[in-house]
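Residue numbers start from 1 in every chain, and the chains themselves are labelled A, B, ... in the order their sequence lines are given, proteins ahead of strands.
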Amino acid sequence: MKDKNGAEPMEMDEFEQRIRARLVESAESLNGRTRSALARARHAALEQLRGHRVSMQRALWRVWMPTGVFAMALLVTFLITEHTLPSRSRPAPPLVGASDDFSLFSDPDAFELSNDLDMNLSDGLDLEFYEWAAGNIASSGAPTSG
Amino acid sequence: MEESTQTHSRELDRFLAEVESKAFRIAQIGLRNEQDALDAVQDAMLKLVRKYAQRPAQEWRPLFYRILENGIRDLQRHRTVRSRVMAWLPWNAETEDFEDPVKLAPDPAPGPVAQLQGQQAMALLDAALGELPARQRQAFLLRSFEGLDVERAAQVMGCSEGSVKTHHFRAVQTLRARLGDSWQ
């Protein structure tokens, strides 16, 4: 049969049992001053345990509070940046007419025409072209190419 | 959370209350001084609570006694060094063995012959135990007084189970030789 500590009780001869009985008796009959000192020591140790737990909670609080504040500041900064400067963070919209530019570059005639137009424009307004285009619109309702 | 903390604290309180008297007697026998013994027990309690309070309760006993035994050994060493140093200082020689007169005063409780005989027997036992080699004394007190099994006593003493058995056997032999088989 095991004792409360989970240990098998040891077999002792009579001599040992007498010694043990004396020792147990002496431990149980300690004077009041010693008992009081031991109780104070025990309470001091347990008080330390409570104090340690409180200080651990304070230490955790000291670590987590700045971390939380920092995380909150990051979140606020992100939200402000996101809403006030949308063009920075959002993807650029697709270019309207990009396919037209591509067809312009791929067609040699259209490219020459474009160059001619640019050259004329750089010299000044090509009034003949605009008169011709306006005439076309007036006669057919829409400009015709060529 | 708070409730489990209180339960844990109560368990520790119960454990320390259970071992404190025996621990004090073990320290007193090893150090032969009441105040040093109280210091050793208090130190062991503080260290156990500070370092091992979160360990499972069944581990507290061997840990506590291991801390206590280390404390007793440290105090013995410290005292040996101090006494060697003090031996060179003649002006401290008289105060070194000073005893508190309150402690020396007779116990006010009635002292029948039986009690006197008991006290004498106890004093003889304390002296015999105190004169044992440290390892034998540890093995004997942990096994026969505190009731630790061989495995746990070996944990406390930091040696093999075989060594514990050997030290314990020799301690019993030595005590039998010093006190006499009919001691009681």
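Both the backbone and the side chain of A17(B) have a heavy atom closer than 4.5 Å to some heavy atom of chain A. Residue L175(B) touches chain A through both its backbone and its side chain, counting heavy-atom pairs closer than 4.5 Å. Contacts between F145(B) and chain A at a heavy-atom distance below 4.5 Å involve backbone atoms as well as side-chain atoms. The contact between A44(A) and chain B is made by backbone and side chain atoms together, counting heavy-atom distances below 4.5 Å. For chain A, the nearby parts of L16(B) are the backbone and the side chain; heavy atoms of each come within less than 4.5 Å. In this structure, chain A has a heavy atom under 4.5 Å from the side chain of L141(B), while its backbone stays farther away. The parts of V172(B) that come within reach of chain A are both its backbone and its side chain, each placing non-hydrogen atoms under 4.5 angstrom from that chain. For L125(B), the part lying under 4.5 angstrom from a heavy atom of chain A is the side chain only. Both the backbone and the side chain of M45(B) come within contact range of chain A, each with at least one heavy atom under 4.5 Å from a heavy atom of that chain.
A salt bridge is defined here as a Lys NZ or Arg NE, NH1 or NH2 lying under 4.0 Å from an Asp or Glu carboxylate O, and E34(B) with R33(A) meets this definition. Taking a cutoff of 4.0 Å between a charged side-chain nitrogen and a carboxylate oxygen, R22(A) and D126(B) do not qualify as a salt bridge.
Highest contact tally toward chain A, considering only Q58(B), K47(B), Q42(B), E151(B), is held by Q42(B) [criterion: heavy-atom pairs under 4.5 Å].
In the hydrophobic clustering of this structure, L124(B) groups with F15(A); members are Ile, Leu, Val, Met, Phe, Trp, Tyr whose side-chain heavy atoms approach within less than 4.5 Å, directly or through other members.
The number of heavy atoms from other shown groups lying within 6.0 Å of CZ (R135(B)) is above 12.
Taken from CD in Q28(B) to OG1 in T34(A), the straight-line distance is 7.5 Å, to the nearest 0.5 Å. Atom CG in L46(A) sits 6.0 Å away from atom CG in L12(B) (nearest 0.5 Å). How far OG of S144(B) is from CD of E16(A): 4.0 Å, rounded to the nearest 0.5 Å.
Taking 4.5 Å as the limit, some side-chain heavy atom of L129(B) sits within range of a side-chain heavy atom of L23(A). Using a 4.5 Å heavy-atom cutoff, the side chains of R42(A) and L46(B) are not in contact.
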- [ ] Report the C-alpha separation of S21(B) and R35(A) in whole Å, then their side-chain angles, then the decisive distance to 0.1 Å, and conclude whether the side-chain contact (heavy atoms from CB on, under 4.5 Å) test is met.
- [x] CA-CA 8 Å; S21(B) 300; R35(A) 284 196 174 283; 3.7 Å; yes
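What you find for L38(A) and E20(B) is that their closest heavy atoms are O-OE1, 3.6 Å.
With no hydrogens or angles considered, a side-chain donor-acceptor pair links R25(B) and S26(A) at under 3.5 Å.
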